[in-house]
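The structure appears below as structure tokens.
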Amino acid sequence: MANIIVGVTGGIAAYKAAELVSLLTKQGHAVRCLMTQAAGQFITPLTLQTLSGNKVYTDLFNLHEEPEWQVEHVGLAHWADCILIVPASADFLGKVAHGLADDLLSTCVMATKAPVYFALAMNDQMYANPLVQRNIQLLREVGYHFIEPEEGALACGTSGKGRMAAPQKIASMLERLRTQDMEHLRVVVTAGPTREAIDPVRYLTNHSSGKMGYAIARQAANRGAEVILISGPSQEQVPPGVIYVPVQSAQEMFLAVQQYYGQADAVIKAAAVADYRPKQVFDRKLKKTEGDLTLELERNVDILAWLGAHKTEQILVGFAAETDNVEQNALGKLQRKHLDFIAANDVTEANSGFGKDTNKIALYGADHSVIDLPVLRKEDAADRILDAVLQLYQTKHTNRKN
């Protein structure tokens with residue numbers, strides 16, 4: 001079991017910290033709570049002390065009765081295996097992003113070498129503010145982790161993205177992180193669209209945002225895998241700790257995948273790769289003329305088919321983004337391209353497909369297994385795909401030993 005610090009900042013979502021502390025304690029973790037002064041306006045130390053079974057820390061200058069805790073922010077920072085900031089307010093993010101440490105919680109975060117996770121919670125407009133987003137990006141770049149807020153009703157009376165994730169989800173995520181069950185795997189993930197140039201200012205592409213591929217890369221890295229993320233253009237944040245390989249065209253993605261394929265334990269092809277590219281790429285901008293314009297297209301290399309044909313021990317997962325006959329088309333692709341799994345979804349559904357934070361997929365296996373998932377956050381769907389990959393990997397290695 002882990003030593004976990006739950007840091008509570010000032011915000012209405014502080015009440016959820018009580019449920020989270022209760023869940024973590026029931027899982028067998030040792031939990032110590034740190035509260036900012038503002039947090040005390042929303043929840044009492046006595047509540048968290050009762051649920052955790054440990055003293056709650058609030059004062060930077062309070063000397064503990066045990067000698068090893070006399071400098072509490074240092075002692076706690078060394079004790080922790082993980083720090084959860086629940087909720088993570090915009091104010092606290094800004095403080096940490098700029099290296100400020102004027103209370104017990106911020107000094108503990110500064111002094112620790114343990115992973116720190118911010119469970120974001122704030123007004124939707126505050127969350128969208130460029131200054132807040134810049135602070136989040138800065139913290140990501142130096143290795144801090146984030147539990148994204150959800151869409152829903154907010155305390156201010158509006159509705160939007162800013163609601164803190166449910167305590168059950170945070171506890172479940174932490175349990176998975178603690179196990180590091182993919183620690184010895186190298187996973188290649190492709191994500192995003194490709195762009196096929198027409199001329200210096202125009203290209204052919206598709207609606208892929210990269211959200212699903214980036215979620216898979218993020219969750220695989222969280223579970224301890226070495227992750228190579230090969231991505232077309234995307235606005236998604238690169239997850240901490242992954243090897244990031246940016247590409248533009250299908251041909252560039254093909255070359256990058258070839259480079260890493262031989263050393264991969266699993267390849268998950270979540271990218272939406274263009275099937276065709278212009279046969280002629282103009283070196284000057286095409287000017288508008290009278291009448292229609294005809295572009296002649298030629299086939300791009302089928303990356304997934306190539307991977308299937310050259311597969312040795314790798315586990316190969318494809319995606320099928322369909323608009324009709326989803327199961328039939330997915331199973332055909334699974335067989336033709338020699339995949340181990342294919343994740344299929346209907347991109348016309350409201351909560352599934354390109355640009356959404358959720359997905360509704362069915363995972364078909366070469367062994368005729370079917371896992372029909374409900375609508376899930378893409379991070380949760382990614383974990384279910386990774387669960388299937390890990391199970392097959394373990395089965396293959398067990399059979400090889402026998």
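Count residues from 1 along the sequence. Predicted, not measured: the structure shown is a model, and the values here were computed from it.
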Next item on the list: Take Glu226 and Arg186 through the test salt bridge (charged side-chain N to carboxylate O under 4.0 Å, His left out) and record every step on the way to the result.
Entry: CA-CA 5 Å; Glu226 178 185 348; Arg186 174 179 282 191; 3.0 Å; yes
Looking at [atom1] of [X] and [atom2] of [Y], how far apart are the two atoms once the value is rounded to the nearest 0.5 Å?
X: Asp367; Y: Leu392; atom1: CG; atom2: CG; answer: 7.5 Å
X: Gln49; Y: Cys33; atom1: CD; atom2: SG; answer: 9.5 Å
X: Leu185; Y: Leu390; atom1: CG; atom2: CG; answer: 6.5 Å

Side-chain heavy-atom pair [X], [Y] within 4.5 angstrom cut-off:
X: Phe92; Y: Val109; value: yes
X: Lys311; Y: Leu339; value: no
X: Pro45; Y: Met35; value: yes
X: Tyr261; Y: Trp306; value: yes
X: Leu204; Y: Ile198; value: yes
X: Val8; Y: Val86; value: no
X: Leu104; Y: Asp59; value: no
X: Met253; Y: Val245; value: no

Checking [X] side chain against [Y] main chain: does a donor-acceptor pair fall under 3.5 Å?
X: Glu196; Y: Ala250; answer: yes
X: Ser352; Y: Glu349; answer: no
X: Asp199; Y: Asp283; answer: no
X: His98; Y: Gly94; answer: yes
X: Thr194; Y: Ser249; answer: no
X: Lys285; Y: Val201; answer: no
X: Asn129; Y: Leu131; answer: yes
X: Arg336; Y: Gly332; answer: yes
X: Thr112; Y: Cys108; answer: no
X: Asp346; Y: Asp324; answer: no

Indicate yes or no: does [X] engage [Y] in a salt bridge with an N to O separation below 4.0 Å.
X: Asp372; Y: Lys360; result: yes
X: Lys113; Y: Asp81; result: no
X: Arg223; Y: Asp181; result: yes
X: Asp103; Y: Lys95; result: yes
X: Glu252; Y: Arg277; result: no
X: Lys211; Y: Asp357; result: yes

Establish, from distance only, whether the side-chain atoms of [X] and [Y] form a donor-acceptor pair under 3.5 Å.
X: Gln314; Y: Thr312; value: yes
X: Tyr364; Y: Ser369; value: no
X: Arg32; Y: Tyr57; value: yes
X: Tyr276; Y: Glu296; value: no
X: Ser89; Y: Asp91; value: no
X: Thr44; Y: Thr47; value: yes

Next item on the list: Apply salt bridge (charged side-chain N to carboxylate O under 4.0 Å, His left out) to Asp302 and Lys337, showing your working.
Entry: CA-CA 10 Å; Asp302 189 326; Lys337 303 189 180 184; 2.9 Å; yes
Check: What's the verdict on side chain to side chain contact (heavy atoms under 4.5 Å, CB included) for Val6 and Leu24, showing C-alpha distance, side-chain angles and the deciding distance?
Finding: CA-CA 10 Å; Val6 174; Leu24 294 175; 4.0 Å; yes
Item checked: Stepwise salt bridge (charged side-chain N to carboxylate O under 4.0 Å, His left out) check, Glu313 with Lys396 -> CA-CA 9 Å; Glu313 297 297 324; Lys396 284 185 173 183; 5.5 Å; no
Margin query: Does atom CZ (Arg299) have a neighbourhood of more than 12 heavy atoms from anything else shown, all under 6.0 Å?
Written below: yes
Notebook entry, point to check: Within a reach of under 6.0 Å around CE of Met110, are more than 12 heavy atoms found that belong to other residues, nucleotides or ligands?
Noted result: yes
Next item on the list: Step by step, work out the salt bridge (charged side-chain N to carboxylate O under 4.0 Å, His left out) result for Glu19 and Lys169.
Entry: CA-CA 11 Å; Glu19 184 179 355; Lys169 288 186 177 180; over 6 Å; no
Notebook entry, point to check: Are the aromatic rings of Phe118 and Tyr144 close, with centres under 6.0 Å apart?
Noted result: yes
